[in-house]
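Contents: one structure, followed by commentary.
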Amino acid sequence: MLLNFRHNINGEDLVIAVAQDHETGEVLMVAYMNREALKRTLETGMAHYWSTSRGRIWLKGESSGHVQHVKEVLVDCDMDAVVLIVEQEGGACHTGYRSCFYRSIEGDELRVREDAVKVFDPEEIYGDG
């Protein structure tokens with residue numbers, strides 16, 4: 001793979017991965033990919049990421065069913081970040097919102113954006129623990 005996996009977290013060489021909606025251009029989430037996650041994404045057409053907290057590859061939606069069908073993969077000029085153009089099923093955010101970017105900074109406070117769409121109840125998917 002010709003990419004620059006230069007972001008090292010806990011000994012894992014990673015690229016930054018941004019997921020963007022294929023119809024609206026909305027930024028849905030930001031995560032990391034190692035070489036294997038990128039390889040699986042390209043082979044299957046389903047977004048796979050590297051979980052820095054769990055220390056493993058995960059298929060987006062493996063718990064929730066809210067998968068990402070990858071339409072295209074864009075690479076930045078430094079080759080250390082990718083944009084996945086995706087068709088998102090359900091919500092991208094584990095909090096239940098369509099996008100992880102459902103908040104904005106107003107003054108010194110974080111506020112939920114008026115156009116933020118909550119598409120599922122996380123307790124129904126992940127439980128309360």
Please check if [X] and [Y] belong to a single hydrophobic cluster, counting links between Ile, Leu, Val, Met, Phe, Trp and Tyr side chain heavy atoms closer than 4.5 Å.
X    : Y   : result
V119 : V27 : no
M33  : M79 : yes
V82  : W58 : yes
V15  : V73 : yes
W50  : I16 : yes

Enter the distance from [X]:[atom1] to [Y]:[atom2] here, rounded to the nearest 0.5 Å.
X    : Y   : atom1 : atom2 : answer
K118 : T95 : NZ    : OG1   : 6.0 Å
R35  : I57 : CZ    : CD1   : 12.0 Å
I9   : S53 : CD1   : OG    : 10.5 Å
E62  : H48 : CD    : NE2   : 8.0 Å

For [X] against [Y], the heavy-atom pair lying closest together:
X    : Y    : answer
V86  : L28  : CG2-CD1, 3.7 Å
S64  : H66  : OG-N, 3.0 Å
V112 : A116 : CG1-CB, 3.9 Å

Sequence-distant partners of [X], salt bridge (charged side-chain N to carboxylate O under 4.0 Å, His left out), two or more places apart:
X   : value
E89 : none
R40 : E36
K71 : E87
E43 : K39

Original post:
Under the 3.5 angstrom rule, does the side chain of D76 hit a backbone N or O of A81 as a donor-acceptor pair?
Top reply: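 A pair under 3.5 Å: yes.
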**OP:** Might you work through the side-chain contact (heavy atoms from CB on, under 4.5 Å) test for L3 and V75, ending with a clear yes or no?
**Re:** CA-CA 8 Å; L3 297 184; V75 179; 3.4 Å; yes
What residues, two or more places apart in sequence or in another chain, satisfy side chain to side chain contact (heavy atoms under 4.5 Å, CB included) together with [X]?
X    : value
D121 : E123, E124
E72  : L74, I85
A47  : Y49, K60, Q68, V70, L84
N8   : D13

**OP:** List, by chain and number, the other hydrophobic cluster members for M46, where Ile, Leu, Val, Met, Phe, Trp and Tyr join if side-chain heavy atoms come within less than 4.5 Å, directly or indirectly.
**Re:**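 Result for M46 is L59, V67.
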Original post:
Heavy atoms, side chains only, cut-off 4.5 Å: are N4 and D78 in contact?
Top reply: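 No; the side chains remain at least 4.5 Å from each other.
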Please tabulate, one pair per line, all N/O donor-acceptor pairs under 3.5 Å involving side-chain atoms of residues 100-110, not counting sequence neighbours.
unit_1 : atom_1 : unit_2 : atom_2 : d
E106   : OE1    : R111   : NE     : 3.4
E109   : OE1    : R111   : NH2    : 3.0

**OP:** Please list, chain by chain and in numerical order, all residues satisfying side chain to side chain donor-acceptor pair (under 3.5 Å) with E12, sequence neighbours excluded.
**Re:**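 E12 satisfies side chain to side chain donor-acceptor pair (under 3.5 Å) with N34 only.
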**OP:** With sequence neighbours left out, write down each residue that passes side chain to side chain donor-acceptor pair (under 3.5 Å) with D115, or none if nothing qualifies.
**Re:**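 Only R113 meet the side chain to side chain donor-acceptor pair (under 3.5 Å) criterion with D115.
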Original post:
Checking side chain to side chain contact (heavy atoms under 4.5 Å, CB included) against T24, which of H22, E26, Q20 comes through?
Top reply: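 By the side chain to side chain contact (heavy atoms under 4.5 Å, CB included) criterion, T24 pairs with just one of H22, E26, Q20: E26.
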**OP:** For atom OH of Y97, decide whether the heavy atoms of other residues, nucleotides or ligands shown that lie under 6.0 angstrom number more than 12.
**Re:**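 Counting neighbours around OH of Y97, more than 12 heavy atoms of other residues, nucleotides or ligands fall under 6.0 Å, so yes.
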Original post:
Taking atom NE2 of H94 as the centre, does the number of heavy atoms from other residues, nucleotides or ligands within less than 6.0 Å exceed 12?
Top reply: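 Count not over threshold, so no.
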